[in-house]
Amino acid sequence: MPTPDQDLRPPADEELVHHELPVHEVVLLLGTHADRGLSTAEAADRLRSAGPNVLPRLDRRGPWLRLLLQFHHPLIYILLVAAAVTLALGEVVDSGVILAVVLINAAIGFVQESRAEKALDALTALVRTEATVVRDGARHRISSEELVPGDVVVLEPGDKVPADLRFVSVEDLHVDESALTGESLPVAKEPAALPTGTVLGDRANMGYSTTLVTRGRGRGVVVATGADTEIGHIHRLVGEAVQLETPLTRKIGRFSRILTAAIIGLALLTFALGTLRGEPAAEMLTAAVALAVGAIPEGLPAVVTITLAIGVSRMARRRAIIRRLPAVETLGSTTVICTDKTGTLTANAMTVVAVSAGGRGYAVSGSGYGPAGQVTADGTAVDVGGQPALRACLVAGVLCNDSRLTGQDGRRQVIGDPTEAALLVVAEKAGLDLGTLLGAAPRLATVPFDSERQWMATLHHSDDGRVVAHVKGAVERLLAMSSGELRADGTTGPVDADAVHARTEEMTGRALRVLAMGTVELPPGTRELGEEALSGRLVLTGLQGMLDPPRPEAVAAVRACRTAGIRIAMITGDHAGTARAIGEQFGLGDDGVLEVLGGADLARVPDDELPDVVRRTAVFARVNPEQKLRLVEALQREGHVVAMTGDGVNDAPALRRADIGVAMGVGGTEVAKEAADMVLTDDDFASIEAAVEEGRGVFDNLRKFITFMLPTSFGEGLVILAAVVLATTLPVLPTQVLWINMTTAVALGLALAFEPLEADVMSRPPVPPSRPLLTGELIGRIVLVSTLMLLGAFAMFEWAMASGESVAAARTVAVNVFVVVEVAYLLNCRSLDRSIRRVGLLSNPWVPAGMVVMLALQLVFTYAPWMNALFDSAPIDAVWWVRVTVVGIAVLVIVETEKWLRRRLGGRRRGGDVPATG
Ligand code: ATP
């Protein structure tokens with residue numbers, strides 16, 4: 001479906017005509033070549049004039065609007081009312097101070113928000129989109145930013161169309177254009193020229209930037225890049241605006257709104273109570289304002305966002321790029337990680353080490369992709385010329401192959417699929433010349449590999465005029481298509497399925513990935529290839545078994561996750577035997593028992609039994625992508641928070657459904673990355689574990705910050721309430737309360753967002769997502785500290801008054817009590833349950849730095865005459881500092897004692913069931 005704005009554009013636009021021209025004219029027009037593409041030099045030239053292929057960013061809310069929005073907050077309204085009230089009372093200075101606080105608050109919010117957005121933005125750029133381009137006649141993988149008009153681009157399933165293209169050739173190409181046209185079903189593409197006036201949604205011969213290839217292959221000439229593309233014109237969707245909102249920030253936002261309402265109610269009550277009792281209205285107004293501004297936790301929403309953003313950048317440093325901010329919270333609660341095997345748990349560095357052909361077993365030496373190594377039988381090197389079955393098996397591996405090796409021996413690089421590259425290497429080791437083989441059998445057609453089909457086939461023309469199809473893929477699939485098997489002497493006999501299974505099992509038992517090879521001779525003149533042509537006619541030529549070693553860091557990461565109470569389920573397309581052997585290497589079983597379930601058996605499990613099966617099974621083999629979705633849903637029904645990895649086009653639904661969809665940054669398709677919440681830049685399981693660890697850290701730090709912040713607010717509110725109830729002089733003024741809140745939140749509270757991970761984050765069970773941030777235990781502590789602050793500040797204020805100090809000096813003492821108690825309490829909050837002795841003062845340098853800054857500010861507050869004028873503070877004697885410090889230390893000791901008691905009294909950990917230490 002075209003959208004109206006595209007079709008209303010003037011038809012005279014130059015780029016509009018590409019769909020109307022035949023392919024050769026488009027090629028001519030763009031000064032390129034459909035097969036060879038541009039030369040590298042020409043492409044560089046064009047890049048200089050056309051500029052990089054980047055889409056213009058959707059203009060977000062401009063800086064002014066964003067600044068203005070900082071004032072759109074109930075708290076700010078209260079402060080503005082407070083400023084107006086104080087002004088009306090003739091307190092010009094106070095009113096000015098409150099307004100200054102409003103401005104400073106807005107400025108801090110603005111700066112922090114912009115920084116968080118920028119940081120998140122920068123991260124999205126780390127996941128770069130690549131494109132396969134033909135230049136100088138050879139394929140290259142380049143960043144799609146480097147594409148220029150005239151480039152010839154090759155598309156495969158899962159690719160993002162990197163620029164606007166005019167297709168030159170296609171094979172069953174289907175593209176999801178929903179982002180551009182709103183059409184939800186993928187559309188088929190076809191290179192034929194179209195009549196004038198064909199609307200965008202019907203232009204089957206064009207591919208548009210940011211749409212996604214769901215099926216088939218295609219080749220197209222770039223006609224427009226960057227801002228000149230259709231998506232660039234309509235200027236939307238590009239670079240989804242970074243969302244700083246998450247379920248948690250929303251929850252906290254709601255919490256602060258309710259709190260604000262309650263506080264306003266309380267403030268009004270204070271005012272009413274006082275005036276009814278006959279106190280001067282002006283004084284009571286001041287008290288009400290002080291209570292309101294004091295009790296509202298100003299810094300809360302900002303610090304939550306900052307803590308999340310810090311978590312995101314810490315995760316990025318550990319190679320997990322968060323695409324959606326809420327994932328940071330969810331990660332910490334993950335209870336199951338469903339992971340792929342190849343490339344995530346294993347290195348995806350394939351080496352064929354065993355071949356079975358013509359009933360004989362062969363061993364292959366050498367490692368990596370270098371050609372050094374030998375094919376031996378019973379310890380002696382074999383001559384492939386004398387082994388027709390072995391030769392046929394190796395040749396099928398070379399011809400039915402889309403990969404290439406580049407570079408010299410030791411530093412060879414794979415372009416394409418490592419599984420296929422390994423098949424090239426073993427052929428070389430056997431003495432076959434790849435160039436000669438490929439030259440002698442030009443390819444006529446291809447059935448590409450896909451993980452659902454689990455095989456790939458290619459059709460070739462041979463020198464002697466025959467047409468032969470070569471097939472490779474999963475053993476069961478090829479067996480199902482086979483009618484015969486090549487014997488050692490090169491003749492064809494019936495298939496002995498049992499023997500083939502036995503040989504497969506022997507290989508899979510050694511954790512080898514097994515591919516079967518087969519060939520079919522087709523009638524001369526055949527040009528097309530499909531499953532029907534192969535079914536029941538395939539001649540099995542042999543099996544190749546390849547080693548793919550586990551990633552050492554993934555082994556450790558799996559262990560860490562299991563200690564952290566997270567289940568690991570391996571979900572793989574590979575053979576059950578291989579999956580089991582790898583699963584054992586990773587210790588995935590429970591109590592030494594490793595349950596493996598195949599995709600076919602999984603399909604037979606009825607929905608109501610699925611949860612039970614899922615609970616027992618650690619390895620799912622030969623699973624297709626649709627089944628992944630079913631598994632995610634079953635786990636979620638069990639109440640699990642599921643992280644699921646995926647890389648292919650068909651994985652997208654499961655990635656979207658999972659609580660944390662994890663895509664592979666290196667081996668994954670653009671479709672998978674688009675559907676995911678998190679992208680791994682190294683495809684390594686260890687990075688998922690790192691992200692979970694950081695997610696738990698973020699959750700910890702948020703709880704620490706809230707536990708730190710709330711008592712100050714509550715304590716201040718209580719002090720004022722108590723003063724009104726007891727009808728005594730206010731121990732703190734509204735401006736002083738604002739001073740305390742602002743300075744302590746920034747200098748002290750923020751330091752908690754940088755708290756390093758606690759040593760035991762990965763030895764507790766996951767926190768259920770339903771669990772509130774504040775547990776009963778923490779609420780208890782908040783009440784305790786609020787009460788201590790109330791008692792401390794009130795008592796010291798009264799003591800100072802009784803000692804003949806001025807009201808200003810007594811209030812300064814009270815303010816200093818709040819600040820010093822907070823400095824001490826900050827140390828308590830660095831760990832919510834461990835003793836501060838175990839945390840170590842220097843493990844978070846922001847904490848001592850914040851403490852020093854805070855105390856320096858407090859000296860200025862107390863002794864600088866201009867501060868005295870602004871805040872009605874007054875210098876105090878040193879003896880008051882000693883007394884205030886004693887109060888601070890007392891709070892520190894009391895809270896530590898409370899923690900200690902909790903640990904002693906069978907105190908159970910935050911997770912609820914791990915005994916506390918420390
Ligand atoms: P995971 O999902 O853990 O990454 P996987 O990569 O082993 O598993 P697939 O790539 O779907 O899963 O492979 C499934 C099976 O398909 C393999 O066991 C192999 O037999 C076969 N296979 C894999 N790659 C190819 C290929 N390029 N050509 C033909 N067959 C292949």
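These values consider heavy atoms only, across backbone and side chains, with no hydrogens, waters or symmetry-generated copies.
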For E638, what residues pass the salt bridge (Lys or Arg N to Asp or Glu O under 4.0 Å) criterion, not counting sequence neighbours? R615

Non-hydrogen atoms of A396 and M517 that approach each other most closely: CB-CB, 4.0 Å

d(E329 CD, L308 CG) to nearest 0.5 Å is 5.5 Å

Are D590 and R616 ion-paired here, with the side-chain N under 4.0 Å from a carboxylate O? no

Considering only heavy atoms from C-beta outward, does the side chain of N205 approach that of R203 to under 4.5 Å? yes

So, D548 and R513, do they make that salt bridge, N to O below 4.0 Å? no

Heavy-atom donor-acceptor pair, R323 side chain to K673 backbone, under 3.5 Å: yes

Output yes when a side-chain donor or acceptor of R551 lies under 3.5 Å from a complementary backbone atom of G343, and no otherwise. yes

R637 atom CZ, neighbour heavy-atom count above 12 within 6.0 Å: yes

Starting from the C-alpha separation in whole Å, work towards a yes-or-no answer on side chain to side chain contact (heavy atoms under 4.5 Å, CB included) for V679 and M664. CA-CA 6 Å; V679 177; M664 302 301 149; over 6 Å; no

Is there a side chain to side chain contact (heavy atoms under 4.5 Å, CB included) between T211 and D176 once you walk through the steps? CA-CA 6 Å; T211 58; D176 171 359; over 6 Å; no

With side chain to side chain contact (heavy atoms under 4.5 Å, CB included) as the criterion, how do E420 and M456 come out once you've worked through the C-alpha distance, each side chain's angles and the decisive distance to 0.1 Å? CA-CA 11 Å; E420 296 189 346; M456 165 180 175; 3.3 Å; yes

Where the side chain of K472 meets the backbone of C400, is there a donor-acceptor pair that is under 3.5 Å apart? yes

Side chain to side chain donor-acceptor pair (under 3.5 Å): which pairs involve residues 690-699, sequence neighbours left out? R318-E694

Do R604 and E609 meet the salt-bridge criterion of a basic N to acidic O distance under 4.0 Å? no

Identify the two heavy atoms, one from T669 and one from P157, that lie closest to each other, and give their separation to 0.1 Å. CG2-O, 3.9 Å

Minimum heavy-atom separation for L629 to P653, with atom names? CD1-O, 3.7 Å

What pair of heavy atoms forms the shortest contact from A469 to L459, and how long is it? CB-CD1, 4.1 Å

Sequence-distant partners of R219, salt bridge (Lys or Arg N to Asp or Glu O under 4.0 Å), two or more places apart: none

Would you say CZ of R319 has more than 12 non-hydrogen atoms from neighbouring residues, nucleotides or ligands within 6.0 angstrom? no

Is there a side chain to side chain donor-acceptor pair (under 3.5 Å) between N650 and E452? Walk through the geometry before answering. CA-CA 9 Å; N650 304 340; E452 206 134 347; 3.1 Å; yes

CG-CD distance between L331 and E689, expressed to the nearest 0.5 angstrom: 11.5 Å

Got D684 and E553 here, is their nearest side-chain heavy-atom distance under 4.5 Å? yes

Shortest non-hydrogen pair, A581 vs T508, comes out as CB-O, 3.6 Å

Any ion pair linking R324 and D677 (charged N to carboxylate O, less than 4.0 Å)? yes

Give, for atom OG1 of T458 and atom NE2 of H470, the distance between the pair rounded to the nearest 0.5 Å. 6.5 Å

For D450 and R215, what are the C-alpha separation, side-chain angles and deciding distance, and is it a salt bridge (Lys or Arg N to Asp or Glu O under 4.0 Å)? CA-CA 10 Å; D450 92 38; R215 209 167 86 194; over 6 Å; no

Tell me whether R217 is salt-bridged to E156, with the criterion being a basic N under 4.0 Å from an acidic carboxylate O. yes

Minimum side-chain heavy-atom gap L635-C338 below 4.5 Å: yes

Taken to the nearest 0.5 Å, the spacing of I415 CD1 from R404 CZ works out to 4.5 Å

Do T334 and V642 pass the side chain to side chain contact (heavy atoms under 4.5 Å, CB included) test, and can you show the C-alpha distance, the side-chain angles, and the key distance before you say yes or no? CA-CA 6 Å; T334 306; V642 186; over 6 Å; no

Determine whether more than 12 heavy atoms belonging to other residues, nucleotides or ligands lie under 6.0 Å from atom CD of Q413. no

Steps toward salt bridge (Lys or Arg N to Asp or Glu O under 4.0 Å) verdict (R656, E674): CA-CA 9 Å; R656 260 191 227 109; E674 209 104 312; over 6 Å; no

Could you tell me whether K628 and D651 make a salt bridge, using a distance below 4.0 angstrom between a side-chain N and a carboxylate O? yes

Determine the minimum heavy-atom distance between T229 and D164, stating which atoms define it. CA-OD2, 3.2 Å

Test side chain to side chain donor-acceptor pair (under 3.5 Å) applied to R622 and Q627, H575, E476, the passing residue: E476

How long is the gap from OG1 on T419 to CG on N348, to the nearest 0.5 Å? 6.0 Å

Got T335 and R567 here, is their nearest side-chain heavy-atom distance under 4.5 Å? no

Side-chain donor-acceptor pair under 3.5 Å between D682 and S687, yes or no? yes

Looking at I688, V692, I337, which hits side chain to side chain contact (heavy atoms under 4.5 Å, CB included) with C561? I337

Run the numbers on N53 and E146 for side chain to side chain donor-acceptor pair (under 3.5 Å), then give the verdict. CA-CA 6 Å; N53 176 33; E146 294 163 29; over 6 Å; no

Is there a side-chain contact between T214 and V175 (heavy atoms, below 4.5 Å)? no

Any sub-3.5 Å donor-acceptor pair from T617's side-chain atoms to V596's backbone N or O? no

Do F167 and E190 touch side chain to side chain, with heavy atoms closer than 4.5 Å? no

To the nearest 0.5 Å, atom CG of D574 lies from atom CZ of R580 at 14.0 Å

Are any non-hydrogen side-chain atoms of T351 and V425 less than 4.5 angstrom apart? no

